[in-house]
Amino acid sequence: MAGQRVFSGVQPTGKIHLGNYLGAISPWVAAQVEHEAIFCIADLHALTIPEAVRATYLRAKVRETAAVLLACGIDPARAILFVQSRVGAHAELAWLLSCVTPVGWLERMIQFKTRSAALESVGTGLLAYPVLQAADILLYRADLVPVGEDQRQHIELTRNVARRFHARFGEVFTLPEAMLRPSGARIMGLDDPSAKMSKSLGETRKGHAIGLVDPPDVIRHAITHAVTDSGREVRREQASPGVTNLLTIYELLSGRSREAVQAAFVGKGYTVLKRAVADLVVTTLEPIRQRYLDLSAQPEALDAIVVESSERARLLAAPTLDRVKQLMGLHERSRVPFPLSDSKEG
Ligand code: AQP
């Protein structure tokens, strides 16, 4: 797996939370060491969320997201960290791919069903969201896409869109693999362990999510009030979803095995478990919060990083888009050399 290209993204909406960190961002930080890594701040995707469609809000959120990702350890010397709307090829390829994607495929997406169910009027962008996501990934001919469990279906759709394109027009894309961590790909909400921890719910429900840059007292309060079950102590047999969620968070942040964590807490009261989880979360997140505060005080430096990275992303994306347009008959000869022999570095 060494030397493969990794691509993933995060929407600049709401508060980036511990689920984003454990399911996606911390695997990204690890991936940038052994792979060629490209990470996207997906502001075009954010436009599908009505509250995000306010220019000042979105612009501030893009910068905030960049600061959080850098604070978590994304290193611009190793990885490309760019803003989606700065690379025009994403929207252009999304349109071209939408012309080969059946509507039925999109209507079956769980995320579309969940989000649209809550809306009076559903925008076309919400339905087409996974096509834009497919374009994001396919543009860079990524091999691996580290994501949380909620994105598994979208990666499968990306593969199907690529296959359909290949069957009609010829080979151009790499079929990407979703990269899910065995434990922690779906961290649940603290206030309701039957729902995944999410930015959107975190906006409206206090105590749902742990923000990566929340102050320690807010984190401790949320964990202390996390929903568990009617029992009092951790048992050896199958734990309830709320207790399992706390054990999973502890397991991932401590780096210990599930068995070791289970053994350490069996017979201990939920208060002891919650205190231990809160201590570990605060110890892990406090340095991130401090780096975030430092970075936030340097907006020009943040902007310079994403502008420079976006230029690098533009150069990587151009040959794929050009090849796609050529295969679809939009122009005759490729204007940009397409690296078919797969030196992706170029
Ligand atoms: N709870 C989670 N556990 C593990 N991984 C997660 N991810 C999201 N939630 C969890 C992963 O984080 C990456 C960025 O996802 P996103 O920007 O779509 O964040 P979100 O929290 O899913 O945001 P929203 O806008 O609030 O979406 P909904 O309302 O659908 O939850 C992705 O790799 C994602 O899998």
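All residue numbers refer to positions in the sequence shown, counting from 1. Side chains included, hydrogens not; waters and symmetry mates left out as well; all remaining heavy atoms used. Start at 1 and go down the list; that is how both ligands and their atoms are numbered.
- Geometrically, Arg323 does not engage Phe169 in a cation-pi contact, judged by NZ or CZ lying under 6.0 Å from the ring centre and within 45° of the ring axis.
- Applying the side chain to side chain donor-acceptor pair (under 3.5 Å) test to Asp75 and every residue at least two apart in sequence or in another chain returns nothing.
- Put simply, the side chain of Tyr129 reaches to within 4.5 Å of the side chain of His154, judged on heavy atoms.
- Residue-ligand proximity, Gly184 to ligand 1, at heavy-atom distances under 4.0 Å covers atoms 4 (C).
- Close contacts between ligand 1 and Gln111 involve ligand atoms 30 (O) [criterion: under 4.0 Å to a heavy atom].
- Contacts of Arg186 with ligand 1, taken as heavy-atom pairs under 4.0 Å, involve the backbone alone.
- Contact between Ala185 and ligand 1 is present, with at least one heavy atom of the residue lying under 4.0 Å from the ligand.
- The residues Arg63 and Asp303 are annotated as salt-bridged, a charged nitrogen and a carboxylate oxygen being separated by less than 4.0 angstrom.
- Between Asp279 and Arg220 there is a salt bridge, with a side-chain nitrogen of the basic residue lying less than 4.0 Å from a carboxylate oxygen of the acidic one.
- Every atom of ligand 1 with a heavy atom of Ala24 under 4.0 Å away is listed here by number and element: 12 (O), 13 (C), 33 (O).
- If you look at Met188 next to ligand 1, there are no close heavy atoms at all, none under 4.0 Å.
- For ligand 1, one of its N or O atoms has an N or O atom of Ser200 under 3.5 Å away.
- Contact annotation for Ser8 and ligand 1: no heavy atom of the residue comes within less than 4.0 Å of the ligand.
- Taking distance alone, with nitrogen or oxygen atoms compared against 3.5 Å, Glu149 stays at or beyond that limit from ligand 1.
- With a 4.0 Å cut-off on non-hydrogen atoms, Asp150 touches ligand 1 through its side chain and not its backbone.
- Between Glu311 and Arg86 no salt bridge is recorded (no basic side-chain N to carboxylate O distance below 4.0 Å).
- For the pair Gly19 and ligand 1, the shortest N or O to N or O distance falls below 3.5 Å.
- Looking from atom 31 (O) of ligand 1 to the surrounding protein, the closest heavy atom is Ser198 CB, 2.7 Å.
- Exactly one residue among Ile137, Asp143, Leu138 makes a side-chain contact (heavy atoms from CB on, under 4.5 Å) with Thr174. That residue is Asp143.
- Nearest to atom 18 (O) of ligand 1 among the protein's heavy atoms is Gln11 NE2, 3.1 Å.
- Across Thr65, Asn20, Val147, heavy-atom proximity to atom 7 (N) of ligand 1 is greatest for Asn20.
- Set against the non-hydrogen atoms of Lys196, the atoms of ligand 1 under 4.0 Å away are 1 (N), 8 (C), 9 (N), 10 (C), 20 (P), 21 (O), 22 (O), 31 (O).
- Listed by number with element, the atoms of ligand 1 under 4.0 angstrom from any heavy atom of Val10 are 14 (C), 17 (O).
- With hydrogens and angles disregarded, no donor-acceptor distance shorter than 3.5 Å links the side chain of His35 to the backbone of Ala37.
- Residues Arg163 and Asn160 meet the side-chain proximity criterion, which asks for heavy atoms closer than 4.5 Å.
- Taking the six-membered ring where the residue is Trp, Tyr250 and Phe265 present perpendicular rings, their angle passing 60° and hence far from 30°.
- Nearest protein heavy-atom neighbour of atom 19 (O) of ligand 1: Lys199 NZ, 3.0 Å.
- Looking only at heavy atoms of the protein, atom 3 (N) of ligand 1 is closest to Ile187 N, 2.9 Å.
- Considering both main-chain and side-chain atoms, Ile49 never comes within under 3.5 Å of ligand 1 through any nitrogen or oxygen pair.
- Smallest separation of non-hydrogen atoms from Thr48 and His45: OG1-O, 2.7 Å.
- Atoms of ligand 1 lying under 4.0 Å from any heavy atom of Gly148, numbered from 1 in the order shown and given with element: 5 (N), 11 (C), 33 (O), 34 (C), 35 (O).
- Nearest non-hydrogen protein atom to atom 24 (P) of ligand 1 is Arg115 NH2, 3.7 Å.
- Relative ring orientation between Phe82 and Tyr140 is described as tilted, the plane-to-plane angle lying within the 30° to 60° band.
- With hydrogens left out, the protein atom closest to atom 21 (O) of ligand 1 is His17 NE2, 2.8 Å, a heavy atom.
- Between Leu302 and Ser296, the closest heavy-atom pair is CD1-CA, 4.5 Å.
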